[in-house]
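To start, the structure itself, in structure tokens.
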Amino acid sequence: MTNKLFIYNTLSRNKEQFEPANPPFVGLYACGPTVYGDAHLGHARQAVVFDVLYRYLSHLGYRVRYVRNITDVGHLEHDADEGEDKIIKKARLESVEPMEVVQRYLNRYHDNMRLLNLIPPSIEPMASGHIIEQQQLVEKILDAGYAYEKNGSVYFDVARYSESHPYGRLSGRKTDDLLANTRPLDGQSEKNNPLDFALWKKADASHLMKWPSRWGEGYPGWHLECSVMSTKYLGIPLDIHGGGMDLLFPHHECEIAQNVAGFGEPAVRFWMHHNMITINGQKMGRSLGNFITLEEIFTGSHRLLEQAHAPMTIKFYILQAHYRSTLDFSNQALQASEKGLLRLLKAVAAIGSLPAGRDSSVDVDELSRRCGEAMNDDLNTPILISHLFEGVKWINEIQEGRASLVQEDLKKLKELYDTWLFSILGLQMISPGDSGKGISGELIELILQLRTEAKNRKDFEAADRIRAALNDLGVVIMDRKEGTDWEFSKDA
RNA sequence: GGUCGGUUUGCCGAGUGGCUAGGCGCUGGUCUGCAAAACCAGUUACAGCGGUUCGAAUCCGCUACCGACCUCCA
């Protein structure tokens, strides 16, 4: 497992060597958000994980088409029979057009993603823009005999399907178990079987978002959009389909069933699922109401937050855990990430001014190799980051004169960070200059000159007073051998 | 209830049989007028019990606790 990329495939529950179906092209699809509210930490994890995958595949030389959908219709609030579309519900609450809700939260989502320095997907299709295609897939499934129409709605026939195909393979479920453990539905269900799911739902007169179809006015079921849009833009089979573990069942299971029924094959080669962010040991989610939005984190406005955190801190915090592990939120964890990231970035910023040595006491090539090895092992970003800190140690030691690198190796070290830290992990330098309550750098320099003069007179009381006053204004002073350095404190 | 997963040092979090990740914190030291920063050193854990093995955090079994999914959720 050295120079080949291995990815954990949920289908096999094993790490498998990744090869695209049609090299050098890679089709990557990830389930994106339903835009009826602000993105929270969990959405950030989804986006960060697949952004890194996208970047890494590109780094390996693949030509990747990355598709991330936007769900703007068809997502039911409760049970499929009695549900109300989430977007519509929000629109009613806010007395606006459904598409106004979609647009508002989509814009905000994009703002958040930009702050996290994520590369926009190649294509970001919306469910509402693919109604015709979704209807076509419903017809195919009907023609194949795996669905039935009832009162203007169309349902997938799970029982029929599972006679000849394994339903539940991805999520490790058995149809019998599912049947035994499904709650009986309230009222009179139209569905033949509780396991059946909606492909097309009839819309009554009051429904805001609906489209004409041969079954009457209605709207598509949620699972349909991903089957349609992933295959439309990435073909069959497509290489990687990702999403949160909470989508494994029923969403992705239904997708596979739809694909097999409609296209004759499962369509997806690798299924990747990232784990959840937890808070107090519980999953952070919209339904539990225990989520913290990205906006709240960036501004520090949530009651559980002790301070605001920069987008890069959030990203670093996410990348310090492996994507298949749960990641627990806490102020302490976030602060630890922030400090670590600042130390890392500080060292990296200093590479350019390191003196070249006559020989190299450490092996940059070896470190670089290990970075690749970490990523090849199912995107082990925590290990990659630990290697990047190894380099930090070197940089600091070179500054202290206790290690050395020849010019060429210094250049390689710089390239190492350009590649792994900036290009693949997609982290950015945090510029502290925009904080500090509008004090100009020149003014600070002037004051520091006065302080240096005071120090030279041995008037330490004055020097300390100046330092304390500047500190209150958010300016941190560091006396070095070469002179006094300063920076705006992070929470100024 | 069913299925699946987890329990790692003060905190976060890697690690699938021997080579004691990493970050944060803490302690001591170097440097400094003092701080800060930086560096050095220390902080050595794997829920419990039993088994396999020359050797287990890592494999097997049991127990306890936690969680995810089974309804929408990244």
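Lettering follows sequence order; numbering is per chain, from 1. Because the structure is a prediction, the values reported are computed rather than measured.
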Once you apply a heavy-atom cut-off of 4.0 Å, does [X] come out as touching a base, just sugar-phosphate, or nothing?
| X | value |
| --- | --- |
| A:Phe460 | base |
| A:Lys393 | sugar-phosphate |
| A:Ile277 | base |
| A:Met478 | base |
| A:Glu397 | sugar-phosphate |
| A:Lys346 | sugar-phosphate |

May I ask you to decide whether A:Glu366 forms a salt bridge with A:Arg369, counting only side-chain N to carboxylate O separations under 4.0 Å?
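Yes, this pair counts.
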[X] side chain, from C-beta outward: closest of [options]:
| X | options | value |
| --- | --- | --- |
| A:Glu400 | B:G33, B:A38, B:C72 | B:A38 |
| A:Lys283 | B:U3, B:G33, B:A68 | B:A68 |
| A:Asp479 | B:A74, B:G67, B:C34 | B:C34 |
| A:Arg13 | B:C40, B:C4, B:C72 | B:C4 |
| A:Arg467 | B:C40, B:A35, B:C72 | B:A35 |

Rounding to the closest angstrom, what is the interatomic distance between [N] and [M] at atom [atom1]?
| N | M | atom1 | answer |
| --- | --- | --- | --- |
| B:C69 | B:C60 | P | 26 Å |
| B:C72 | B:G10 | P | 42 Å |
| B:U27 | B:G33 | C1' | 25 Å |
| B:G17 | B:C26 | P | 36 Å |
| B:A47 | B:A21 | P | 16 Å |
| B:U3 | B:U44 | P | 41 Å |
| B:A14 | B:C65 | C1' | 23 Å |
| B:U32 | B:A36 | P | 15 Å |

Just how far, in rounded Å, is [atom2] of [N] from [atom1] of [X]?
| X | N | atom1 | atom2 | result |
| --- | --- | --- | --- | --- |
| A:His273 | B:U3 | NE2 | P | 21 Å |
| A:Asp464 | B:A36 | CG | P | 12 Å |
| A:Asn275 | B:C69 | CG | P | 10 Å |
| A:Glu253 | B:C70 | CD | C1' | 12 Å |
| A:Asn280 | B:A68 | CG | C1' | 16 Å |
| A:Arg451 | B:C34 | CZ | P | 13 Å |
| A:His274 | B:A68 | NE2 | C1' | 13 Å |
| A:Leu247 | B:C70 | CG | C1' | 14 Å |

Do you know which two heavy atoms are closest between [X] and [Y], and how far apart they sit?
| X | Y | result |
| --- | --- | --- |
| A:Lys315 | A:Leu425 | CE-O, 3.1 Å |
| A:Gln46 | A:Ala30 | NE2-CB, 3.5 Å |
| A:Ile351 | A:Leu410 | CG2-O, 4.1 Å |
| A:Phe422 | A:Leu427 | CD2-O, 3.0 Å |

Identify, between A:Ile477 and A:Val392, the residue whose nearest nucleotide on RNA chain B lies closer to the 5' end.
A:Ile477
Determine whether [X] and [Y] make a side-chain contact, defined as any pair of heavy atoms from C-beta on separated by less than 4.5 Å.
| X | Y | result |
| --- | --- | --- |
| A:Val348 | A:Leu388 | no |
| A:Tyr323 | A:Val48 | no |
| A:Asn290 | A:Phe329 | no |

In B/S/- notation (B base, S sugar-phosphate only, - none; protein heavy atoms under 4.0 Å), nucleotides 9-24 of chain B written 5' to 3' is --SSSSS-----BSBS
Under the salt bridge (charged side-chain N to carboxylate O under 4.0 Å, His left out) test, residues paired with A:Asp363 that sit two or more places apart:
none
Sequence neighbours excluded, which residues qualify as salt bridge (charged side-chain N to carboxylate O under 4.0 Å, His left out) partners of A:Asp328?
none
Considering every strand shown, what is the Watson-Crick or G-U wobble mate of [N] when both distances are under 3.5 Å?
| N | result |
| --- | --- |
| B:G67 | B:C4 |
| B:U53 | none |
| B:C62 | B:G48 |
| B:U16 | none |
| B:G33 | none |
| B:G28 | B:C40 |

Under-4.0 Å side-chain N/O to phosphate OP1/OP2 contact, A:Arg286 with B:A74
yes
